[in-house]
Amino acid sequence: VAVEKRATCSNGKTVSASSCCAWFNVLSDIQENLFNGGQCGAEAHESIRLVFHDSIAISPAMEAAGQFGGGGADGSIMIFDEIETNFHPNIGLDEIVRLQKPFVQKHGVTPGDFIAFAGAVALSNCPGAPQMNFFTGRAPATQAAPDGLVPEPFHTVDQIIDRVGDAGEFDELELVWMLSAHSIAAANDVDPTTQGLPFDSTPGIFDSQFFVETQLAGTGFPASANNQGEVTSPLAGEMRLQSDFLIARDARTACEWQSFVNNQSKLVSDFQFIFLALTQLGQDPTVMTDCSDVIPISKPAPANTPGFSFFPAGKTMADVEQACAETPFPTLSTLPGPQTSVARIQPPPGA
Ligand code: HEM
Ligand SMILES: [Ca+2]
Ligand SMILES: [Ca+2]
């Protein structure tokens, strides 16, 4: 096997292989024309969710039973979008697939590589995110993934632990790591009446507020009540998924959940690891090319949130539903002022 040497691209940047250089053109194109000038907005959030829903659809258990179990991070969700975006857990992803497709065609890259790339670039736009990795080499999927492999917010903790265990031999701690993505997330379809309801009070920042706020006692729904997979949240305007509520309180996962509170460096290193693993599901990493040099250095967390967690205004330790039996919940300060409502995320035009 010929080992490619480090190469210098026409923009003067050094990369691990000359084949990586073409991705700089993709980068500037999507930063400008998909992510609205490098924002951590709805398009970035949806591009990150798309990585998960493309990659997690792989099942060695189904293969062992003689059925096709999906190809993981293979771009199937874009190539067979007419099939996969109609699966119930993929609701709403037709929109980001439609927005991404023209870039795939224009730049002549594979859908699987593009989805992983867009996800890594999207994360780099969210202050506080890890330095993201990106490897190329995903051949186009030849079959749609089967239905039933993507976790739903109304699934039990057992179901979700089993699913990620099957997909990538991920354990329950790694499940918690991957859910850090819900720190930069909102729901458009869980509540059919209202779009863009964030999962934490800082949906534009990759921080640990998701892990703090999911531990607070629920008080109400941000919009309509009794939606499948939704439970009450502690803040006006905030959406809480039943699955996040349960995983935050399950004896197998609660201490790992709490471990991210006030610990940005653990959050960052665990997510950097698990995101790369997700983007390599179903692929052989030893034959992929490391183009991580193309991904921008992530924006630092803003000065007013220096990696530390806080209680939202009006909330204190008394609101914490302590679930980790071994370690007390960290002492946090409360943001000053009256309780505020979490602002909705503007969906992309035409969504
Ligand atoms: C494992 C169990 C998981 C469940 C049950 C789950 C469920 C959901 C649901 C129901 C939504 C709202 C969708 C909508 O109504 O628009 C959502 C949003 C999101 N999820 Fe997850 N998710 C899980 C794991 C993950 C993982 C591992 C990632 C990424 C690594 C991820 C990334 C996201 C993102 C970024 C959004 C926000 C999308 C947006 O703002 O438009 N999720 N998730
Ligand atoms: Ca796939
Ligand atoms: Ca956040």
Side-chain angles (χ1 to χ4, degrees), residues 16 20 40 44-45 47-58 60 72-74 112-113 115-138 150-151 160-185 199-200 205-211 214 244 247-248 252-301 307 309:
S16 70
C20 298
C40 179
H45 298 168
S47 295
I48 297 161
R49 180 175 172 230
L50 188 65
V51 169
F52 181 57
H53 291 231
D54 186 31
S55 63
I56 202 69
I58 182 168
D74 60 357
D113 282 350
I115 289 171
F117 182 71
V121 174
L123 271 144
S124 80
N125 290 337
C126 302
Q131 186 56 37
M132 303 306 295
N133 292 295
F134 168 59
F135 285 65
T136 63
R138 296 167 194 78
V150 180
I160 296 173
I161 288 177
D162 285 353
R163 181 75 278 281
V164 299
D166 175 26
E169 294 180 30
F170 298 123
D171 65 20
E172 66 275 17
L173 306 186
E174 292 173 306
L175 166 65
V176 176
W177 304 355
M178 51 180 99
L179 280 164
S180 306
H182 283 180
S183 178
I184 40 174
F199 295 153
D200 76 2
I205 304 172
F206 188 86
D207 59 9
S208 51
Q209 282 312 111
F210 168 69
F211 294 103
T214 46
D244 292 335
I247 296 167
R252 293 164 288 184
T253 44
C255 289
E256 193 65 14
W257 200 272
Q258 183 182 290
S259 77
F260 290 122
V261 176
N262 251 352
N263 198 342
Q264 184 77 10
S265 62
K266 180 176 192 294
L267 181 76
V268 159
S269 64
D270 289 347
F271 190 73
Q272 182 192 49
F273 171 86
I274 207 69
F275 188 84
L276 178 61
L278 285 170
T279 65
Q280 293 183 329
L281 280 177
Q283 302 291 325
D284 176 359
T286 63
V287 298
M288 298 179 86
T289 303
D290 186 352
C291 290
S292 302
D293 299 300
V294 181
I295 308 298
I297 308 275
S298 294
K299 291 181 191 166
S309 309

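Atoms considered below: every heavy atom in the structure, side chains included; atoms not considered: hydrogens, waters and symmetry mates. Keep in mind the model is a prediction, meaning the values are calculated, not measured.
For A122, the side-chain contact (heavy atoms from CB on, under 4.5 Å) partners two or more places apart in sequence, or in a different chain, are F35, A44, S47, I48. Contacts of D171 classified as side-chain contact (heavy atoms from CB on, under 4.5 Å), with partners at least two apart in sequence or in another chain: L173, E174. Here H182 pairs with F199, F210 under the ring pair (Phe, Tyr, Trp, His ring centres under 6.0 Å) rule; sequence neighbours left out. Annotation: ring pair (Phe, Tyr, Trp, His ring centres under 6.0 Å) contacts of F170 (sequence neighbours excluded): none. Applying the side-chain contact (heavy atoms from CB on, under 4.5 Å) criterion to K266, with sequence neighbours excluded, gives W177, E256, S259, F260, N263, D270. Listed by chain and residue number, nothing satisfies the salt bridge (charged side-chain N to carboxylate O under 4.0 Å, His left out) test with D290 (two or more places apart in sequence, or in another chain). For D74, there are no salt bridge (charged side-chain N to carboxylate O under 4.0 Å, His left out) partners, not counting sequence neighbours. Looking at residues two or more places apart in sequence or on another chain, you find a salt bridge (charged side-chain N to carboxylate O under 4.0 Å, His left out) between R163 and D166. Looking at residues two or more places apart in sequence or on another chain, you find a side chain to side chain donor-acceptor pair (under 3.5 Å) between D200 and S183, T202. Taking S180 as the reference, nothing meets the side chain to side chain donor-acceptor pair (under 3.5 Å) condition, with sequence neighbours excluded. Residues satisfying the side-chain contact (heavy atoms from CB on, under 4.5 Å) test with N133, not counting sequence neighbours, are F135, Q272, L276, S292. Every ring pair (Phe, Tyr, Trp, His ring centres under 6.0 Å) that F134 has, sequence neighbours left out, goes to W23, F117.
For the pair Q283 (side chain) and G72 (backbone), a donor-acceptor distance under 3.5 Å is absent. Side-chain atoms of D293 come within 3.5 Å of backbone N or O of S16 as a donor-acceptor pair. Checked by atom type and distance alone, the side chain of Q131 pairs as donor or acceptor with a backbone atom of P296 at under 3.5 Å. The closest donor-acceptor contact from the side chain of S55 to the backbone of T279 lies at 3.5 Å or more, if one exists at all. Using a distance-only test at 3.5 Å, with no hydrogens or angles considered, a donor-acceptor pair links the side chain of S309 to the main chain of N262. A donor-acceptor pair is defined here as one N or O able to donate and one able to accept, closer than 3.5 Å; no such pair exists between the side chain of R138 and the backbone of G282.
Expressed to the nearest 0.5 Å, how far CG of D54 lies from CD1 of I115 amounts to 4.0 Å. Within the model, atoms CH2 of W257 and CZ of R252 stand 13.5 Å from one another, a figure rounded to the nearest 0.5 Å. Atom CG of residue L50 and atom NE2 of residue H45 lie 14.5 Å apart, to the nearest 0.5 angstrom. With rounding to the nearest 0.5 angstrom, the CG atom of L179 is 5.0 Å from the CD1 atom of I247. Once rounded to the nearest 0.5 Å, the distance linking NE2 of H53 with CG of L278 reads 10.5 Å.
Heavy-atom minimum distance, S124 versus M132: N-CG, 4.4 Å. Residue I295 comes nearest to V121 through the heavy atom pair CD1-CG2, 4.0 Å, listed as atom of the first residue, atom of the second, then distance. Nearest heavy atom pair, residue C291 against residue T136, reads SG-CG2, 3.8 Å. Nearest heavy-atom pair across F271 and P130 is CD2-CG, 4.0 Å. Across all their heavy atoms, A248 and A254 have their closest contact at O-CB, 3.4 Å.
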